Amino acid sequence: MTLDDNKEIARRFVEEVMVKADPAAVDELVSEDFQPHSWGAMPPGRDGLKKAQERVTQGLAEAHMEIHDVIAEDDRVAVRLTSHGRHTGEFMGMPASGKEYAISEIHIVRIRDGQVVEHWRDADMLGMLRQIGALPAPGG
């Protein structure tokens with residue numbers, strides 16, 4: 001696989017697995033021994049990722065991610081993006097607020113044989129909590 005191939009897999013992972021929450025994309029793009037590193041208590045493998053997709057889509061809607069940078073080296077790809085959505089259902093124990101959010105995120109994936117085998121995510125969750133009204137804004 002070339003670096004461009006790996007970048008395309010990472011882009012598809014963001015769009016099809018993270019945004020669209022497509023279980024068929026998980027089966028295609030994610031390895032059976034997938035290891036999440038930033039999702040809290042989530043078991044490894046495809047089934048854990050599919051369950052996480054269900055939880056997220058029950059609480060957040062109108063999701064889209066605007067990719068700003070995709071950087072690849074060896075078997076790893078970093079994607080810097082802005083994530084947008086609306087808090088429409090229970091999410092992280094918080095009832096729906098109906099409010100929109102936009103936060104910065106960085107995703108790093110390790111790719112083996114055309115599939116994502118590891119995933120790390122760093123997201124501005126504090127900003128998200130403030131935007132959906134779960135925490136007060138700074139100075140407010």
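Side-chain atoms are counted along with the backbone in the values below, which use heavy atoms only and exclude waters and symmetry mates. A quick note: this is a predicted structure, and the numbers were derived from the prediction, not measured.
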Engineer: Would you name the heavy atoms of A25 and E16 that are closest together and state the gap between them?
Structural biologist: CB-CB, 3.6 Å
Engineer: Is there a side-chain contact between E118 and H37 (heavy atoms, below 4.5 Å)?
Structural biologist: yes
Engineer: Which atom pair, heavy atoms only, marks the closest approach of G89 to A96?
Structural biologist: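 Taking every non-hydrogen atom into account, N-CB, 3.4 Å.
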Engineer: Answer yes when R112 and D33 have at least one side-chain N-carboxylate O distance shorter than 4.0 Å, and no when they do not.
Structural biologist: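 So R112 pairs with D33 through a salt bridge.
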Engineer: Considering only heavy atoms from C-beta outward, does the side chain of E32 approach that of R46 to under 4.5 Å?
Structural biologist: yes
Engineer: Can you tell if the side chain of N6 reaches within under 4.5 Å of the side chain of D4, non-hydrogen atoms only?
Structural biologist: no
Engineer: With the side chain counted from C-beta on, respond yes when L49 and V17 share a heavy-atom pair under 4.5 Å apart, and no when they do not.
Structural biologist: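 When only atoms from C-beta onward are counted, V17 and L49 do touch, with a gap below 4.5 Å.
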Engineer: Applying side-chain contact (heavy atoms from CB on, under 4.5 Å) to I108 and V77, what does each step give before you reach the verdict?
Structural biologist: CA-CA 6 Å; I108 300 173; V77 180; over 6 Å; no
Engineer: For the pair F13 and F34, name the ring-plane relationship: parallel under 30°, tilted 30 to 60°, perpendicular over 60°.
Structural biologist: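 Aromatic pair F13/F34 classed tilted.
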Engineer: How close do S97 and H87 get, counting heavy atoms only, and between which atoms?
Structural biologist: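 Heavy atoms only, the tightest pair is OG-ND1, 3.0 Å.
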Engineer: Are any non-hydrogen side-chain atoms of I106 and V79 less than 4.5 angstrom apart?
Structural biologist: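 In short, these two side chains do not touch, never coming nearer than 4.5 Å.
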Engineer: Identify the two heavy atoms, one from I111 and one from A10, that lie closest to each other, and give their separation to 0.1 Å.
Structural biologist: CD1-N, 4.4 Å
Engineer: Between H119 and H107, do the side chains contain a donor N or O and an acceptor N or O under 3.5 Å apart?
Structural biologist: yes
Engineer: Does the side chain of M94 come within less than 4.5 Å of L129's, by heavy atoms?
Structural biologist: yes
Engineer: May I ask you to check whether E105 and S83 show a side-chain donor-acceptor distance below 3.5 Å?
Structural biologist: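 S83 and E105 do have a side-chain donor-acceptor pair below 3.5 Å.
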Engineer: Side-chain contact, heavy-atom cut-off 4.5 Å: K50 with P23?
Structural biologist: yes
Engineer: Can you establish whether the number of heavy atoms outside D113 located under 6.0 Å from its atom CG is more than 12?
Structural biologist: no
Engineer: Just wondering, do Q35 and W120 contact through their side chains at under 4.5 Å, heavy atoms?
Structural biologist: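 No, too far: nothing below the 4.5 Å cut-off.
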Engineer: Can you give me the closest heavy-atom contact between D27 and Q115, atom names plus distance?
Structural biologist: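 It is O-NE2, 3.7 Å.
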Engineer: Honestly curious: do V19 and I103 fall in one hydrophobic cluster under the side-chain, below-4.5 Å linking rule?
Structural biologist: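 Each belongs to a different hydrophobic cluster.
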Engineer: Between E15 and M65, is a side-chain contact (heavy atoms from CB on, under 4.5 Å) present by the stated rule, with each step listed?
Structural biologist: CA-CA 7 Å; E15 183 60 31; M65 293 180 170; 5.7 Å; no
Engineer: With side chain to side chain donor-acceptor pair (under 3.5 Å) as the test, pick out the partner of T82 among H64, E66, H68.
Structural biologist: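 Answer to the side chain to side chain donor-acceptor pair (under 3.5 Å) test with T82 among H64, E66, H68: H68.
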Engineer: Using the rule that Ile, Leu, Val, Met, Phe, Trp and Tyr join whenever any side-chain heavy atoms are under 4.5 Å apart, tell me whether M1 and V117 fall into a single cluster.
Structural biologist: no
